[in-house]
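Excluded from the calculations below are hydrogen atoms, water molecules and symmetry mates; all remaining heavy atoms, backbone and side chain alike, are included. Below, chain A is the first sequence line, B the second, and so on; all start at residue 1.
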There are 2 protein chains.
Amino acid sequence: MAKQVTIYEIAKEAGVSPSTAARILSGRSQGRAKTRAAVLAAAKRLNYQLNLAAQNLSRGKSMSIGVLVPDIADPFFVEILRGIEKGLHDSAYFPLIGSMHWRLGEARNALDLLLGHRVGGLIVATTHLPSERLYRIAQEIPLLLIGEVVEPIQNRCLAIDNEEAAYQATRYLIDLGHRRIAYISGPPLHWHTAPRLDGYRRALEEAGLELQPELVLAGNYEESSGYHAVKELVRKGIPFSAVFASNDAMAYGARLALFESGLAVPEQVSLVGFDDLPWSSYLIPPLTTVRQPGYEMGLSAARGVLQMLSGQPFQPPRFYGELVVRNSSGQAP
Amino acid sequence: MAKQVTIYEIAKEAGVSPSTAARILSGRSQGRAKTRAAVLAAAKRLNYQLNLAAQNLSRGKSMSIGVLVPDIADPFFVEILRGIEKGLHDSAYFPLIGSMHWRLGEARNALDLLLGHRVGGLIVATTHLPSERLYRIAQEIPLLLIGEVVEPIQNRCLAIDNEEAAYQATRYLIDLGHRRIAYISGPPLHWHTAPRLDGYRRALEEAGLELQPELVLAGNYEESSGYHAVKELVRKGIPFSAVFASNDAMAYGARLALFESGLAVPEQVSLVGFDDLPWSSYLIPPLTTVRQPGYEMGLSAARGVLQMLSGQPFQPPRFYGELVVRNSSGQAP
DNA sequence: CTGTTAGCGCGTTCAT
DNA sequence: ATGAACGCGCTAACAG
């Protein structure tokens with residue numbers, strides 16, 4: 001790496017003092033037309049490149065908002081990221097994305113990395129972190145949580161009620177006449193696996209239906225698990241007229257399994273997912289699913305952090321899971 | 001933001017000198033067991049948090065690799081990011097992701113941001129940047145390009161031959177007996193729109209078929225454009241027995257349009273995509289497509305940058321688009 | 001509007 | 001193994 005070009009060199013080159021050069025380059029001051037031109041010219045000539053480390057150190061902060069996601073490849077988080085990106089777009093802040101996948105040697109995890117960068121604010125998307133740690137951070141900088149509701153900072157959380165959303169979806173199927181509704185659950189570790197299953201259970205109980213253990217299938221939120229779950233069901237000859245997958249990815253897998261088993265959707269089996277990924281409306285047939293407003297939550301979180309940064313209070317709006325009825329579901333046969 | 005806890009405070013707290021504290025905290029020296037314990041304890045007690053800006057400034061570099069993508073929401077780039085993340089996983093470096101969507105006020109774009117952070121290396125994924133700028137950067141730090149081949153730095157590019165891949169896919173359809181193959185192209189601005197169309201054309205010409213302008217549909221790489229393209233085709237009554245969409249997203253849209261038009265896949269119409277997104281194998285029926293090794297390219301790029309960083313030379317391997325035949329394609333009716 | 005002087009927090013010589 | 005002093009490049013007080 002070639003030696004750095006600092007404001008000192010460009011100051012000398014332009015015949016001004018370092019601070020003048022610095023002020024003009026950082027846009028902190030216009031300067032006299034002549035001075036300004038000289039500085040800018042010198043910067044261009046010497047190919048000057050701002051050193052953000054120095055700027056951040058000097059300022060005691062950085063113009064970035066940390067974003068923590070468990071998995072950068074998960075479509076749902078991609079939606080959130082899109083929203084955040086949009087929300088930050090016109091601000092001076094930019095997102096610093098941390099993924100839980102980064103190990104970085106020992107214990108220095110992604111969170112420490114973001115904090116080490118002295119991010120101006122933090123948006124944490126559904127990732128089991130010690131709640132008191134989050135609480136402590138929230139005292140220091142604007143912190144917003146997406147997806148999960150954590151006790152000590154409830155008023156800093158943007159989330160939908162997963163139990164309620166799953167309840168609505170199940171209720172919808174029941175109202176359609178379905179009595180044997182298979183449920184593909186998420187991995188035990190995911191925090192919303194339980195609430196969604198609870199919602200399913202509540203809807204059944206409310207309708208006077210008994211929860212059939214044989215209809216509750218273990219999934220892991222990946223396509224293949226939805227596929228195998230349905231395959232198993234069919235292989236064992238367990239009857240069912242509907243499948244409620246607790247996320248869209250598994251619904252895709254389930255759809256394929258149904259197809260391969262010669263089961264028509266929705267004529268023979270109704271299929272409902274959860275998330276409403278961008279591709280779900282292009283499934284064959286288009287998937288009925290619970291829409292999670294990931295984009296909106298990301299957008300709101302970004303704006304919220306910005307707002308808090310400007311000293312104003314921010315009260316997260318309520319978000320709701322919305323059942324989007326498309327063509328993969330219909331009357332029970 | 002509360003006042004920062006610096007190594008000075010923890011040094012005082014531990015009864016040692018600042019430099020000793022710094023050395024132990026950065027793992028640069030073990031220290032005597034007692035000293036070490038005292039420092040670590042003090043750090044924990046005071047809730048010490050490393051200031052990366054200071055560290056980076058002092059070191060004159062940062063332990064990060066800049067990654068530049070045009071769109072963080074595009075599934076193909078997500079694959080690349082996954083590969084990069086994996087490749088960097090066991091190193092001391094972490095990815096600093098820049099998206100072209102960030103404006104950050106004026107001209108300071110994402111590239112300047114990354115450079116301003118003094119990234120150790122740079123991975124640029126398909127984004128039209130002035131080639132001489134890239135060339136200049138490549139002289140300073142390890143730089144690798146994914147997706148595109150740029151003249152002055154050909155030996156720093158990881159890409160597949162789009163023309164050849166599109167040729168193979170078209171050729172495959174022709175060999176299946178298809179004569180009227182609709183082609184859904186990408187947006188004119190995307191750099192691989194032209195080569196893919198060229199490949200389609202070459203395959204036709206080689207087979208003695210004439211390119212029918214009415215079969216070449218304008219798309220924009222989004223699902224909806226594939227949908228509308230096929231809808232139009234059907235509406236106008238233009239005959240075709242196969243659809244080659246120049247990316248998978250448009251193939252999804254095309255699939256839905258075919259479904260709605262009552263055209264069976266692959267019995268009446270064969271469908272082929274390009275990219276092999278994760279969901280493509282779960283399309284109904286599973287999509288025949290050209291697999292682009294995004295993950296592998298990302299992985300290779302990350303390792304390559306790391307290798308260059310360690311002073312070793314790196315010669316990018318060759319990558320190939322691979323036709324993955326699944327069930328959406330078959331003999332011409 | 002401009003120049004001067006001090007740091008920001010950490011790494012890195014040198015000593016000891 | 002430890003301590004003291006200086007410097008990284010920039011911003012932020014002051015002066016003028």
In whole Å, what is the span from the [atom1] atom of [X] to the [atom2] atom of [N]?
X       : N     : atom1 : atom2 : value
A:Lys34 : C:dT2 : NZ    : C1'   : 13 Å
B:Gln30 : D:dT2 : CD    : C1'   : 15 Å
A:Ile24 : C:dC1 : CD1   : C1'   : 9 Å
B:Gln49 : C:dC8 : CD    : P     : 19 Å
B:Tyr48 : C:dG9 : OH    : P     : 10 Å
A:Lys12 : C:dG3 : NZ    : C1'   : 16 Å

Given DNA chain D, 5'-ward residue of the pair A:Asn51 and B:Thr35, judged by closest heavy atom: B:Thr35

Run B:Asn56 and B:Met63 through side chain to side chain contact (heavy atoms under 4.5 Å, CB included) and show every step you take. CA-CA 8 Å; B:Asn56 291 341; B:Met63 296 305 280; 5.7 Å; no

Could you walk me through whether B:Glu9 and B:Lys12 satisfy the salt bridge (charged side-chain N to carboxylate O under 4.0 Å, His left out) test, starting with their C-alpha distance in whole Å, then the side-chain angles of each, then the deciding distance to 0.1 Å, before giving a yes or no? CA-CA 5 Å; B:Glu9 348 265 63; B:Lys12 192 180 301 173; 5.4 Å; no

Whether B:Arg82 and B:Glu85 form a salt bridge (side-chain N of Lys/Arg under 4.0 Å from carboxylate O of Asp/Glu) is what I want to check. no

Nucleotide of D:dC8, D:dT2, D:dC10 approaching B:Leu57 most closely (side-chain heavy atoms): D:dC8

Locate the shortest heavy-atom distance separating B:Ile84 from B:Ala302; write the atom from each residue and the value. O-CB, 3.7 Å

Mind listing the N/O atom pairs, protein and nucleotides 11-13 of chain D, below 3.5 Å?
| residue | atom | partner | partner atom | Å |
| --- | --- | --- | --- | --- |
| D:dT11 | OP1 | A:Gln55 | NE2 | 2.6 |
| D:dT11 | OP2 | A:Arg28 | NH2 | 3.1 |
| D:dT11 | O4' | A:Ser58 | OG | 2.3 |
| D:dA13 | N6 | A:Arg23 | NH1 | 3.4 |

Would you give the length of the straight line joining atom CG of B:Leu96 to atom OG of A:Ser64, rounded to the nearest 0.5 angstrom? 9.0 Å

Between A:His89 and A:Phe94, ring centroids under 6.0 Å: no

